[in-house]
2 protein chains.
Amino acid sequence: MAPKSKATITDVARAAGVSTATAGRVLGGYGYTSDDKKEQVLKAAQSLGYRPNALARSLITGKTRTLGVVAGDIQNPFYASVLRGISNVAEANGFGLLITNSDEAQTKEVRSVELLAQKQVDGLIVTPSDTRKARHLHNLKAMGVPLVLIDRAVAGLMVDRVATDNIAAAEQAVRHLIAAGHRRIGIVAELVDEKDGGLETFLTRAIAGDPIESEMLYPSWQRLLGYVRAHRIEGLAIDPRLTLRAGSYSALAAHAVVPGLMTAPEAPTALFTTDGTMSEGTMRALADLKLSIPQDVSIVCFDDLDWMSFHRPGITTVAQPRLAMGEAAARMLLERIHGEDYPPRTVLMPAELIKRGSVTQL
Amino acid sequence: MAPKSKATITDVARAAGVSTATAGRVLGGYGYTSDDKKEQVLKAAQSLGYRPNALARSLITGKTRTLGVVAGDIQNPFYASVLRGISNVAEANGFGLLITNSDEAQTKEVRSVELLAQKQVDGLIVTPSDTRKARHLHNLKAMGVPLVLIDRAVAGLMVDRVATDNIAAAEQAVRHLIAAGHRRIGIVAELVDEKDGGLETFLTRAIAGDPIESEMLYPSWQRLLGYVRAHRIEGLAIDPRLTLRAGSYSALAAHAVVPGLMTAPEAPTALFTTDGTMSEGTMRALADLKLSIPQDVSIVCFDDLDWMSFHRPGITTVAQPRLAMGEAAARMLLERIHGEDYPPRTVLMPAELIKRGSVTQL
DNA sequence: AAAAGTCACGAGAACGTTCTCACATATGAG
DNA sequence: CTCATATGTGAGAACGTTCTCGTGACTTTT
């Protein structure tokens, strides 16, 4: 009734006239206790406004019932939805959520992981910002901290992972454009990190059908690969001038790079954007250029953002199950926390092509 | 080098040949230590891969360096941005962030607050789902837990608060429509909780200019009040049929309620939507009805969502400084945590009307 | 030269829980 | 009747830190 400052289990025990051990058993719900003592303790706890101190409990049990998440940027709709998915299953299981942003920078990611590890989270969900080196994540695994990766993989790091089947989804999207008669299709992609030999080497290898370690690629490179495969399947040549590299994960970068292509003589009749952020930048650029969709350009986007359904025309796009991805990741993490011991699993979520009105038949 | 399982401060002390007290002083950065012992301890810590246990530290210091946040829904762009703002200043000050969703439901909010309190957060930022009763928040305050409210107030709860100046912003938006010659302006608002006497009583009182406790109103009611004031100032009568109440905080609810008005004989020439979610639902409804903006209807929205700038036409809207609101709230909370003792402050952030192309001159 | 700081270190308590153990008592099986 | 098993309780250790205090050694002030 009168929850003044803080009452400890010792206070409750004293008020109830039992030992701290018994009070602990009642309040913590473990061991045996008689009904009448239980009642006394509960009444005492109630009147003192007792609230268990999770810190002390965690210190001794070694479990915090808290999940750590390192996202790229909470503000980004992709991460916001994934986080909501994670939050849903965390909450359903009585777990708290400690969330940080990496802004896709390795240094910030390392700091975040360190912070979360010090706070003794029971497990971590990370969208790694570097797919090659990640000592901090290898360390985590070596120390037995459950870890699930979302959206990206890390070379040599064998842990659970959930991602979209990017190659297949991009291939389907681009084939849809080709089927509509488009022959010159531009792609606007982030493609941030430098592959060995750069974009050109990657393209020639992809076009030649050389085997590529596609699992370890960034999503935007995987989606580029899907774009190339669609062309190969349909027997279309690839014009490297149509592959736009924004170079950073921002709408501004996409916005900056689109006008050059659209005003050039080799302008494409259709565009494929590889994620929500690229889509926004591209849409803004097209608006600036006063190009109409789909009369002047057709467009297929990746990731189904809210506005795409009521934009006029509706935007044809590849919908990733973002919420379900977060939920799946959290569920896998909880399984590991509860001690399940499968070999590392990779869950590739299917994406769905939603056809609306942004593609014209040529 | 070899960060096997977990090394404690005792292990480090033993390896360095000093007492745990000295090791603690070096590693924790408090008290005096000689340079050579410091070096020994640091080297030992390094080679054991020592990572401080924040739980044990917090248990004794009584500080967790963690902020708790109860948001409505992380997935909603409004909360996502506010959270990013909070996250920015938390991170800059070395604080972690424990985040939960309330879905605007009091029961979930209470559960969240309880969870965060048990985890001993140093302070809480809450968007209260009920502006009248909030025993859990009063309790928090009574127990001396620093608390900052965002977006909404709670009657009788004197704590720091940051919100948008909703009445002024809505008034400005609606006057902009009136200045453009519009005389029949519809408003699409959430208006979720039942005021005494309901919407009609509220309207008659507002129209009559009766004094209203506007501080304690939900944002959507405040924005409705701004709508009424704009009419009063401009000498326009209010047609209650033009005030659309969605009744819940979802785009679907707005989507359901708009067509009835727009197809009726008393259809307005312009619409004012009171938040991002109402805006989405309304836009979707207008798209379904194949009404063109601004030829068939003009529209002014509340909250500047990403798509509004590249939508064609651009959407005229009231931009709230969401990021800055989160940052301000976090900064105020940190000040309280550091023991500052001002009287409760209310920070009303100004909103800016961004004129784009969704309003036609009549 | 005595008093009073400052600096350096260790022993052990403290934070608020759960866990281990010892010791009861009751209940059922042989 | 006796042994095992389930039920109930308390004393005290344990979790991994920081904090308090006591004891020196050295330096500065009076």
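In what follows, chains carry the letters A, B, and so on, assigned in the order in which the sequence lines appear, proteins first and then strands, with residues in each chain numbered from 1.
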Asks: Give a yes or no on this: more than 12 heavy atoms of other residues, nucleotides or ligands lie within 6.0 Å of atom CD of A:Glu39.
Replies: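 Counting neighbours around CD of A:Glu39, 12 or fewer heavy atoms of other residues, nucleotides or ligands fall under 6.0 Å, so no.
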
Asks: Measuring to OP1 and OP2 of D:dC15, would you say a side-chain N or O of A:Thr61 lies under 4.0 angstrom away?
Replies: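 Checking A:Thr61 against D:dC15: no side-chain N or O falls below 4.0 Å of OP1 or OP2.
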
Asks: Which nucleotide sits closest to the side chain of A:Arg57: C:dT18, C:dG12, C:dC9?
Replies: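 Selected nucleotide (nearest to the side chain): C:dT18.
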
Asks: Rounded to the nearest angstrom, tell me the gap between atom NZ in A:Lys38 and atom P in D:dT7.
Replies: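 My rounded result for the distance is 12 Å.
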
Asks: What nucleotide, of C:dG10, C:dG16, D:dG8, holds the atom closest to the side chain of A:Tyr32?
Replies: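 Nearest to the side-chain atoms of A:Tyr32, counting from C-beta on, is D:dG8.
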
Asks: Under a 4.5 Å cut-off applied to non-hydrogen side-chain atoms, are A:Thr8 and A:Asn53 in contact?
Replies: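 No, side chains not in contact.
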
Asks: Using 4.0 Å as the upper bound for N to carboxylate O, is an ion pair formed by A:Glu340 and A:Arg345?
Replies: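 The answer is no: the pair does not qualify as a salt bridge.
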
Asks: Is any side-chain nitrogen or oxygen of B:Ser34 closer than 4.0 Å to OP1 or OP2 of C:dC9?
Replies: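 So the side-chain polar atoms of B:Ser34 do come within 4.0 Å of the phosphate oxygens OP1 or OP2 of C:dC9, strictly under.
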
Asks: Roughly how many Å is it from CD in B:Gln118 to C1' in C:dT17, rounded to a whole number?
Replies: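 Distance, rounded to whole Å: 12 Å.
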
Asks: Are A:Thr10 and C:dG16 close enough that a side-chain N or O sits under 4.0 Å from OP1 or OP2?
Replies: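 Answer is no, no contact under 4.0 Å.
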
Asks: Counting only side-chain nitrogens and oxygens, does B:Tyr30 get under 4.0 Å of the OP1 or OP2 atom of D:dT18?
Replies: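 The answer is yes; a side-chain N or O of B:Tyr30 sits under 4.0 Å from OP1 or OP2.
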
Asks: Can you check the B:Gln40 CD to C:dC9 C1' distance for me, whole Å?
Replies: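 Taking CD of B:Gln40 and C1' of C:dC9, I get 12 Å after rounding.
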
Asks: A:Arg25 or A:Ile9: which one's nearest nucleotide on DNA chain C is closer to the 5' end?
Replies: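 With A:Arg25 and A:Ile9 compared, the 5'-side residue is A:Ile9.
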
Asks: Would you say B:Asn88 and B:Arg84 are linked by a side-chain donor-acceptor pair, where the criterion is simply a distance under 3.5 Å?
Replies: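 Yes, a side-chain donor-acceptor pair sits under 3.5 Å.
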
Asks: Indicate whether OP1 or OP2 belonging to D:dG16 is found under 4.0 Å from a side-chain N or O atom of B:Thr8.
Replies: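 B:Thr8 to D:dG16 OP1/OP2: no side-chain N or O under 4.0 Å.
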
Asks: Whole-Å distance between C:dG16 C1' and A:Arg51 CZ?
Replies: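 Going from CZ in A:Arg51 over to C1' in C:dG16 covers 15 Å.
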
Asks: If you take all heavy atoms of A:Arg25 and A:Tyr32, which pair is closest and at what distance?
Replies: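 Smallest interatomic distance, heavy atoms only, reads CD-O, 3.5 Å.
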
Asks: Starting at atom CG of A:Leu59, determine the distance to atom C1' of D:dT17, rounded to an integer number of angstrom.
Replies: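 The answer, rounded to whole Å, is 8 Å.
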
Asks: What is the distance, to the nearest angstrom, from the CG atom on A:Leu55 to the P atom on C:dC15?
Replies: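 Answer to the nearest Å: 14 Å.
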
Asks: Roughly how many Å is it from CG in B:Asp35 to C1' in C:dC9, rounded to a whole number?
Replies: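 Going from CG in B:Asp35 over to C1' in C:dC9 covers 15 Å.
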
Asks: Can you measure A:Ile60 atom CD1 to C:dT18 atom C1' for me and round it to whole angstrom units?
Replies: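 These atoms are roughly 4 Å apart.
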
